[in-house]
There are 2 protein chains.
Amino acid sequence: MDRRQRKTRELIFNAFILLLSKKHYNAITVGEIIELANVGRATFYSHFETKDFLLKELCIELFSHLFNAENDGDNDGIFNCDIHGNVFLHLFKHVKENDNNIRKLLTSKNNELFVEYFKGEVTKLFKERLLDFIDKKPASIPQEFWLNHITSTFIETLRWWIETKMKQTPEVIYNYFLELI
Amino acid sequence: MDRRQRKTRELIFNAFILLLSKKHYNAITVGEIIELANVGRATFYSHFETKDFLLKELCIELFSHLFNAENDGDNDGIFNCDIHGNVFLHLFKHVKENDNNIRKLLTSKNNELFVEYFKGEVTKLFKERLLDFIDKKPASIPQEFWLNHITSTFIETLRWWIETKMKQTPEVIYNYFLELI
DNA sequence: AATATTATTGAACAAAGTGTTCAGTATTAA
DNA sequence: TTAATACTGAACACTTTGTTCAATAATATT
């Protein structure tokens with residue numbers, strides 16, 4: 001990819017992230033983004049079809065290393081942690097220590113699109129590790145319902161934790177989560 | 001209130017509800033609403049400041065009888081049910097039998113505003129009846145967190161039920177809910 | 001270093017939506 | 001019947017969106 005393209009992409013991403021932490025997703029206009037990024041209008045539209053696509057590509061940029069990491073070395077993908085699957089504890093830690101972006105996006109308003117993306121990824125994680133939680137499932141309820149429940153509970157827990165300023169350690173909040181389910 | 005006002009209010013509400021079941025909240029324009037309602041543009045704006053206010057007033061219109069009913073007779077407010085507080089079972093029943101509007105609104109896209117309203121009302125209900133559920137709370141977790149959790153779980157359960165076409169009876173889905181918490 | 005390719009620019013553009021205004025008309029309440 | 005009030009519809013300024021295009025700049029290719 002042309003160096004110019006990489007440059008403008010990054011300028012746009014940075015401007016967008018900055019705006020996301022200042023105002024609702026719906027309230028952000030393409031005009032504001034390009035003004036802050038110092039980029040022509042036509043340039044923006046040659047990179048991204050719409051604002052929604054910008055968000056989508058930003059998610060891939062920011063989180064694909066987390067969710068899609070193969071076991072190929074020294075990245076910090078979710079799958080490369082303490083052998084036996086404290087994936088979710090790892091995620092709490094990751095959010096606390098590195099990932100201000102997840103914090104911003106998960107608590108920003110009018111951002112159904114991101115929540116949908118994030119929930120989709122987390123659902124995949126739980127699906128792959130469903131057996132680790134299957135013993136907690138009451139026998140009577142359907143598995144699809146259970147999957148939806150633990151995923152939602154995880155995300156709500158994470159959101160609550162972020163919104164109340166992350167006063168607990170990742171370990172404590174992870175135990176809260178385990179006690180809920 | 002002038003009969004003319006009541007008439008246009010109802011025309012607008014009906015048009016809005018119809019549109020909500022056909023497209024995303026964000027995609028609905030004032031132009032469409034007034035065209036469908038057969039009402040002048042100026043009239044719309046003399047009734048409602050913005051589309052968001054329209055939604056807000058629609059919620060009050062549709063659900064205040066549910067959530068704010070005092071014990072004053074033959075309404076079907078949430079508080080006027082089987083003495084000992086199966087409020088939530090009652091809500092499941094209500095949604096299944098009478099309330100196509102909650103169904104539409106709770107599963108419509110780009111409708112954070114409604115979900116926020118609905119969650120607020122349900123949170124109030126749980127807060128007033130927290131003692132009924134307090135014995136299910138693990139000792140270690142904070143009460144505010146617990147309140148948020150059972151509220152979210154209730155709403156997610158309701159949403160899942162609606163989205164999967166309400167195949168279970170209200171009693172069964174209510175038991176699912178109880179087993180989750 | 002010269003050239004071909006590709007990205008960016010800025011300005012202009014149509015289209016769609018928002019929210020306001022106002023004079024004229026119709027409906028309702030008194 | 002009259003006075004008050006609600007509705008109309010058309011026009012308005014304004015904002016935002018997404019597109020187009022010729023000129024210019026940066027990069028890749030040889």
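The shown structure was predicted, so the numbers you read here are calculated from the model rather than taken from an experiment. First the proteins, then the strands, lettered A, B, ... as listed; each starts at 1.
Every residue two or more places apart in sequence or in another chain was checked for a side chain to side chain donor-acceptor pair (under 3.5 Å) with Tyr117(B), and none qualifies. With sequence neighbours excluded, no residue satisfies side chain to side chain donor-acceptor pair (under 3.5 Å) with Glu10(B). Not counting sequence neighbours, Asn175(A) has no partner by the side chain to side chain donor-acceptor pair (under 3.5 Å) test. For Tyr176(B), the ring-ring contact (aromatic ring centres under 6.0 Å, His included) criterion is met by Phe145(A), not counting sequence neighbours. Considering only residues two or more places apart in sequence or on other chains, Glu121(A) meets the salt bridge (Lys or Arg N to Asp or Glu O under 4.0 Å) condition with Lys124(A). Considering only residues two or more places apart in sequence or on other chains, Lys119(B) meets the side chain to side chain contact (heavy atoms under 4.5 Å, CB included) condition with Glu156(A), Thr123(B), Asn148(B), Thr151(B), Ser152(B), Ile155(B).
Nucleotide dT17(D) holds its P atom 11 Å from the CG atom of Asn26(A), rounded to whole Å. Counting to the nearest Å, the P atom of dG18(D) and the CD1 atom of Ile33(A) are 11 Å from each other. Rounded to whole Å, atom P of dG18(D) lies 12 Å from atom CD1 of Ile34(A).
Using a cutoff of 4.0 Å between basic side-chain nitrogens and carboxylate oxygens, Lys109(A) and Glu116(B) are scored as salt-bridged.
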Output one line per pair: protein atom, nucleotide atom from nucleotides 13-16 of chain D, and distance, for all N/O pairs under 3.5 Å.
none

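Below 30°, between 30° and 60°, or above 60°: for Phe67(A) and Phe63(A) the angle between ring planes is above 60°, a perpendicular geometry. Ring geometry for Tyr25(B) versus Phe16(B): interplanar angle over 60°, hence perpendicular rather than tilted (30 to 60°). Using bins of under 30°, 30° to 60° and over 60° for the plane-to-plane angle, the ring pair Phe88(B)/Phe133(B) lands in the perpendicular bin. Ring geometry for Trp161(B) versus Phe92(B): interplanar angle over 60°, hence perpendicular rather than tilted (30 to 60°).
Of all nucleotides in DNA chain C, those with any atom nearer than 4.0 Å to a heavy atom of chain A start and finish, going 5' to 3', at dT6(C) to dG10(C).
Within the structure, side-chain hydrogen bond (donor to acceptor under 3.5 Å, both in side chains) contacts touching residues 136-146 of chain B (residues at least two apart or in different chains) are Glu179(A)-Ser140(B). Residue pairs meeting the side-chain hydrogen bond (donor to acceptor under 3.5 Å, both in side chains) criterion with at least one member in residues 37-50 of chain B, sequence neighbours excluded, are Thr8(B)-His47(B).
Annotation: the terminal axes of the helix from dA1(C)-dT30(D) to dA30(C)-dT1(D) meet at 30°, where each axis is the rotation carrying the C1' atoms of four end pairs onto the next four (5 pairs per end, rounded to 10°).
Residues of residues 1-18 of chain A having a heavy atom closer than 4.0 Å to DNA chain C, listed by number: Asp2(A), Arg4(A), Gln5(A), Thr8(A).
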